[in-house]
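Note: hydrogens, waters and symmetry copies are ignored here, and every other heavy atom, side chains too, is used.
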Amino acid sequence: MKKTLINVEIYQSNANAILVEGNKISLVSTSEEVLKHVDENDEVIDLKGMFVMPGFVDSHMHLLELGFYLSCVQLASCTSLQEMKERFIAKLKTIKDGEWLIARGYNEENFVDEKQKPTKEFLDAISTDVPIAVTRACGHSMSCNTKALQLAGITENSSIEGGTIHYEDGIVEETAINLVHEAWPKPDTQKLQEYIFKGIDCCNKYGVTTVGSDDFLSVTDSYPDVLDAFEKLSYQEKMNVRVNEQCEFNDVQEFSKFLDEGYTFDVGNDFFRIGPLKLVTDGSLGARSAAMTQPYNDAPDKTGIMNYTVDEMRTFVELANKFNMPTIAHAIGDRAVDDVLKAYEGNVYAGNPLHHGLVHCQIMRKDQIQKICEEKLSCYFQSLFIDADAPVVEKRVGETLAQTSYPYRTFVENTLASNGSDAPVEMPNALYGIELAVTRKSGTSLMNQQECLTITQAIDSYTINGAKQLFMDDRIGKIQEGYYADLVVVDTNITKQEPQKIHEAKIMMTMMNGEVVFER
């Protein structure tokens, strides 16, 4: 059966109708012309002037972890420790023997009272019998009660390379978080698939139909279990989002094993494909664990954490290159960017055909920006971060660095740059991400207005640029005959909307692979 969308406004097209046959677009033309190709058994959807764009491509997120987050206690809206405590007490009433109380999403900068993280003392006052683990919104800092620390084998004498343990406060950061992940109950394949479905449903609600997703170590410490869950769903064609897996590993030996098993870039199908190697080289700006060349402006005793040496990163990159596999590196602080650029030296072919690149593109100096553009390194940025970071970035890194940070327009105009959410750090709200890319405004705080994107650049960062980033621009990212019918229908034409009101537009329908997967 064919599907026809008529009476629509189409992004960057004078046509007003789309004919879908099977899972692909077969005709983009006038409503009158398209209707000539349907019969009484076909479905005709009159969208009454609504706006249609290609399905959004969120080029960097954590789909599995998003579903896991949506299954836990969510803290994004908390404005105080007291509010957090009330949510935990309510959750404790439903906790069964052997279960943990797991929560995520708070940002102490949003607290109206004292801006401090929850501590072991705070969590022990809630329960000493049930293990409690609370992750900050950024995912790079976790607070634990005594029970959780005990089960993770963490004592006052514990230490770990690439991470920090503040035992007295019960706060663990970076690689130390893995010790807690290894201790909490392991999800089986069925539970992992439940999390994947939750993440997919959330994406579809926001019009997202394709993601670049880092999942291997986000919920469990065993990548084969996650790989198995995704592969089963993809081969059964049960996925309503296309996943390009950004593969993260504990060490180079684990990566080598993965390659020996026959996995490398582009293995899979258009529901689930192996994408680039992913390296997490430092922490986050919010947790002040992003690696900086100079101490933090508001914390002179901190310069952040590096998870790898340059030589260790180079070993990963060289191994990936041998298997024609791209490498992308989470690098938020300028020191991390320095080290990643050193690791890439001599390993990036002219024109960067493998799309080696950097994820987040936040705290950067002018010389680094210039080198990234010269080397044509791929840039995976998250304009949604502007909402939380615009009010604090100058305070955190100083005026000079703040003026050259988050250089989205420079990258969009000089190399391959795509947008995303880093969900569950932020929800995969592409419309709001488009608004922030255009306005670079959070409340009354403005960020580098010279780096504002045009509305077309912002939409493209979530569509065709994302498709190019994932090597899929020959089949997604455009409304064009022969492309997959991955579409998002919005109630208003956002290219004609006041930029600061784009977030008010509503996703009315999401179509993926020719099927309606969300409808308001």
Using the six-membered ring of [Y], assess whether NZ or CZ of [X] lies under 6.0 Å from its centre and within 45 degrees of the ring axis.
| X | Y | value |
| --- | --- | --- |
| Arg440 | Tyr408 | yes |
| Lys24 | Tyr484 | yes |
| Arg104 | Phe68 | no |

Between [X] and [Y], does any side-chain donor sit less than 3.5 Å from a side-chain acceptor?
| X | Y | value |
| --- | --- | --- |
| Asn352 | Glu375 | no |
| Tyr11 | Asp460 | yes |
| His356 | Asn321 | yes |
| Asp422 | Gln382 | no |
| Asn493 | Thr495 | yes |
| Thr281 | Asn307 | no |
| Asn419 | Ser461 | yes |

Contact summary for [X] and [Y], nearest pair of heavy atoms:
| X | Y | answer |
| --- | --- | --- |
| Arg273 | Leu470 | NH1-O, 3.5 Å |
| Gly199 | Leu66 | O-CD2, 3.8 Å |
| Gly420 | Asp58 | CA-OD1, 3.2 Å |
| Ala331 | Val340 | CB-CG2, 4.0 Å |
| Leu285 | Tyr406 | CD2-OH, 3.3 Å |
| Leu384 | Gly433 | CD2-N, 3.6 Å |

Please confirm whether the backbone N or O of [Y] pairs with a side-chain atom of [X], one donor and one acceptor, at under 3.5 Å?
| X | Y | answer |
| --- | --- | --- |
| Ser405 | Leu401 | yes |
| Asp491 | Ala505 | no |
| Tyr483 | Asp473 | yes |
| Asn414 | Thr410 | yes |
| Glu174 | Gly162 | no |
| Ser383 | Leu436 | no |
| Ser213 | Leu63 | yes |
| Glu248 | Leu217 | no |
| Asn23 | Gly514 | no |
| Ser421 | Ala423 | yes |

**Prompt:** Which is it for Tyr308 and Phe316 under the ring-ring contact (aromatic ring centres under 6.0 Å, His included) test, yes or no, and what are the steps along the way?
**Reply:** CA-CA 10 Å; Tyr308 300 101; Phe316 270 109; 5.7 Å; yes
With the side chain counted from C-beta on, respond yes when [X] and [Y] share a heavy-atom pair under 4.5 Å apart, and no when they do not.
| X | Y | value |
| --- | --- | --- |
| Val489 | Thr510 | no |
| Asp486 | Val57 | no |
| Val20 | Thr4 | no |
| Leu319 | Val252 | yes |
| Gln497 | Thr492 | yes |

Quick check on [X]: does its [atom1] atom have over 12 non-hydrogen neighbours (other residues, nucleotides or ligands) under 6.0 Å away?
| X | atom1 | answer |
| --- | --- | --- |
| Lys186 | NZ | yes |
| Lys2 | NZ | yes |
| Glu32 | CD | no |
| Asp251 | CG | yes |
| Lys441 | NZ | no |

**Glu9 vs Asn16, side-chain hydrogen bond (donor to acceptor under 3.5 Å, both in side chains): CA-CA, chis, key distance, verdict** = CA-CA 6 Å; Glu9 283 193 83; Asn16 66 355; over 6 Å; no
**Prompt:** ring pair (Phe, Tyr, Trp, His ring centres under 6.0 Å) with Tyr432: which residues, sequence neighbours excluded?
**Reply:** His503
**Request:** Would you please name every residue forming a ring pair (Phe, Tyr, Trp, His ring centres under 6.0 Å) with Tyr380, sequence neighbours left out?
**Result:**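 Partners of Tyr380 by the ring pair (Phe, Tyr, Trp, His ring centres under 6.0 Å) criterion come out as none, since no residue qualifies.
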Under 4.0 Å between a side-chain nitrogen and a carboxylate oxygen: does that hold for [X] and [Y]?
| X | Y | result |
| --- | --- | --- |
| Glu21 | Lys3 | no |
| Glu194 | Lys191 | yes |
| Lys501 | Glu504 | no |
| Glu519 | Lys205 | no |
| Asp270 | Arg242 | no |
| Asp260 | Lys257 | no |

**Message:** Taking side chain to side chain donor-acceptor pair (under 3.5 Å) as the cut-off, I'd like each qualifying pair that reaches into residues 323-334, sequence neighbours left out, listed once.
**Reply:**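 Residue pairs passing side chain to side chain donor-acceptor pair (under 3.5 Å), neighbours aside: Asp282-His330, Thr293-Asp334, His330-His360, Asp334-Arg365.
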**Request:** Show your working on side chain to side chain contact (heavy atoms under 4.5 Å, CB included) between Ser289 and His140 and close with a plain yes or no.
**Result:** CA-CA 8 Å; Ser289 55; His140 291 261; 4.0 Å; yes
**Passing option when Gln457 is tested against Leu453, Ile455, Ile459 for side-chain contact (heavy atoms from CB on, under 4.5 Å)** =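 Testing each of Leu453, Ile455, Ile459 against Gln457, the sole residue satisfying side-chain contact (heavy atoms from CB on, under 4.5 Å) is Leu453.
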Aromatic ring proximity, centroids under 6.0 angstrom, [Y] and [X]:
| X | Y | answer |
| --- | --- | --- |
| Phe265 | Phe471 | yes |
| Phe271 | Tyr235 | no |
| Phe249 | Phe258 | yes |

**Request:** Might you work through the side-chain hydrogen bond (donor to acceptor under 3.5 Å, both in side chains) test for Asn347 and Arg314, ending with a clear yes or no?
**Result:** CA-CA 8 Å; Asn347 287 311; Arg314 189 177 289 119; over 6 Å; no
**Request:** Start with the C-alpha distance between Lys468 and Ser418, add both sets of side-chain angles, then the distance that settles side chain to side chain contact (heavy atoms under 4.5 Å, CB included), and finish with yes or no.
**Result:** CA-CA 9 Å; Lys468 288 177 181 177; Ser418 57; over 6 Å; no
**Item:** salt bridge (Lys or Arg N to Asp or Glu O under 4.0 Å) between Arg335 and Asp338, intermediate numbers included
**Value:** CA-CA 5 Å; Arg335 181 193 162 194; Asp338 274 338; over 6 Å; no
**Asked** Looking at Lys376, Gln370, Lys371, which one forms a side-chain hydrogen bond (donor to acceptor under 3.5 Å, both in side chains) with Glu374?
**Response**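 Between Glu374 and the candidates, side-chain hydrogen bond (donor to acceptor under 3.5 Å, both in side chains) is satisfied uniquely by Gln370.
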